[in-house]
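First comes the structure, then the notes that go with it.
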2 protein chains.
Amino acid sequence: MIPEPSLRRLPTYLHYLRSLAMRGREVVSTSTIAGFLKVDPTQVRKDLSYTGIVGTPRVGYDVPDLITAIEHYLGWDNTSDAFIVGVGHLGKALLGYEHLAEYGVNVVAAFDIDPDQVGKRFRDVEILSADRLPELARRMKVHLGILAVPAAAAQETADAMIRGGILAILNFSPTTLTCPDHVMVRDADFYSNVAVLTQFLKGHFSRKETTTW
Amino acid sequence: MIPEPSLRRLPTYLHYLRSLAMRGREVVSTSTIAGFLKVDPTQVRKDLSYTGIVGTPRVGYDVPDLITAIEHYLGWDNTSDAFIVGVGHLGKALLGYEHLAEYGVNVVAAFDIDPDQVGKRFRDVEILSADRLPELARRMKVHLGILAVPAAAAQETADAMIRGGILAILNFSPTTLTCPDHVMVRDADFYSNVAVLTQFLKGHFSRKETTTW
DNA sequence: AGGTGTGAATTTCTTCACAGCA
DNA sequence: TGCTGTGAAGAAATTCACACCT
């Protein structure tokens, strides 16, 4: 079983490798990857080894092979169908992001309660009425839900997703959802990053004020 | 020094505690918090102890005190001034989020290159021309930058931020930024969460297919 | 020399176990 | 009894050290 931190780093490697491939690079070493992404080279090797790829000593890894291996390991060569719920600015930002398929996500429909939005399309995705969500999730066998509604509506929307058989929720709303154990929720979690950054700034300035060291 | 995982959990506690306070709850135990957020009670106590708060045995923690302690520890009682760069859907979603101040962020201006946007206001925040960013960051002593531009413009925008003396960047663009060591970058990192969720779904379905156990 | 691959050591984070208090 | 607070144990992740390959 892959450690979660390793799993979370794989998409970053993938992104970097794709940019290398685009520039025609055929081969890369873990120290190059590590240097660019500011992590430890051994760590990169360990992480990559979970995908089953092998490199050639003295040379490195074949870039296209490596991309394929990571994509396959993540299952991103076979995208998961997903619903986006909430077509405000955030939902639109997500829908507007063209490369979702490269990250394993295939948005098959969007939902909103706003009658002005329902029936329209945004970036080729149909916007449907939110009350049809459970029924359609079940019928279309969609198991991934992206939650982009205001905080006040987040829990009931999650409930509707779960009623529709959705098993994995990516939660962009600033709320802690209560969900049954068989459902996995990940918070997009703007705030924990803010905490790390503001803490860093705080340290930066208090160090300037206090004289010694 | 607080471990980073603990630091990242503090905002979640804060959020939950605020919801308790709103409902008039005066006292809470770590097991209650832990039960709701699905973490270990001891962990919650350890995390909270970094803020310097003490609870009373047999009773728990005073909710308002706890909120104050976390806010103070994070420095969120004294918000950091921030710039948002990029006023597309994502930038608007962030600007539209009213409660940023509760999370220690005070957005003092937004920037874009689109002449149609520049000069307007969105949610009381002025939208300025992106080329003024370095100068204004320096003059207004802004040290926190929120990057919400398309991938193609991300690196140059980050460079402009850094020229302006910005020290901490929250990067919402799907790009790995190259920045000097004295600058801290955090990626909002949609994809690592997607990786965890799709992996979960993969496991879910392959377990159903394979018969044994 | 300059890479990969991996067991072992180390560090970091989490959980346990229990003392102490109201 | 039901909670906090914390040292110690345990688990997990990272980094080191080195064998091996071209």
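Within every chain, numbering begins at 1; the chains are lettered A, B, ... in the order of the sequence lines, protein sequences first and strands thereafter. Quick note: numbers below take in every heavy atom, side chains included, and nothing from hydrogens, waters or symmetry partners.
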Exercise. Counting only heavy atoms not in A/His72, do more than 12 sit closer than 6.0 Å to its NE2 atom?
Worked result: no

Exercise. Quick one: is B/Arg45 getting a side-chain N or O under 4.0 Å of the C/dC16 phosphate, OP1 or OP2?
Worked result: no

Exercise. What is the distance, rounded to the nearest whole Å, between atom CZ of B/Arg8 and atom P of C/dC13?
Worked result: 12 Å

Problem set entry | A/Leu7 CG to D/dA12 P, straight-line distance once rounded to whole Å | 16 Å

Problem set entry | Under-4.0 Å salt bridge between A/Arg163 and A/Glu156 | no

Exercise. Near B/Glu26 CD, under 6.0 Å, is it more than 12 heavy atoms from other residues, nucleotides or ligands?
Worked result: no

Problem set entry | B/Arg58 CZ: over 12 foreign heavy atoms closer than 6.0 Å | no

Problem set entry | First encountered from the 5' end of DNA chain C, between A/Ser49 and A/Arg58 | A/Arg58

For this session: Can you sort out the partners of B/Asn106 under side-chain hydrogen bond (donor to acceptor under 3.5 Å, both in side chains), two or more places apart, ordered by chain and number?
Result: B/Asp81

Exercise. Reckon B/Gln43 has a side-chain N or O less than 4.0 Å from the OP1 or OP2 of C/dC13?
Worked result: no

Problem set entry | Atom-pair distance (NZ on A/Lys38; P on D/dT15), nearest Å | 15 Å

Problem set entry | For atom CG of B/Asp40 and atom C1' of C/dA17, their distance in whole Å | 12 Å

Exercise. So which nucleotide from C/dG20, D/dG5, C/dG5 ends up closest to the side chain of B/Tyr61?
Worked result: D/dG5

For this session: Would you indicate what A/Thr42 reaches in the nucleic acid, counting non-hydrogen atoms under 4.0 angstrom: base, sugar-phosphate, or nothing?
Result: base

Problem set entry | Distance in angstrom units between A/Asp62 CG and C/dT4 P, rounded | 13 Å

Exercise. Separation of A/Arg9 atom CZ from D/dT15 atom C1', in whole Å?
Worked result: 12 Å

Problem set entry | Rounded distance (Å) that lies between atom C1' of D/dA13 and atom CD1 of A/Ile2 | 12 Å

Exercise. Looking across every strand, which nucleic acid part, if any, lies under 4.0 Å from B/Thr30 by heavy atom: base, sugar-phosphate, or nothing?
Worked result: sugar-phosphate

For this session: Whole angstrom is fine here: how far is it from NZ in B/Lys46 over to C1' in C/dC18?
Result: 12 Å

Exercise. Mapping B/Gly55 and A/Pro5 to their closest nucleotides on DNA chain D, which lands nearer the 5' end?
Worked result: B/Gly55

For this session: From the options C/dT4, C/dA1, C/dC21, select the nucleotide whose nearest atom is closest to the side chain of B/Pro57.
Result: C/dC21

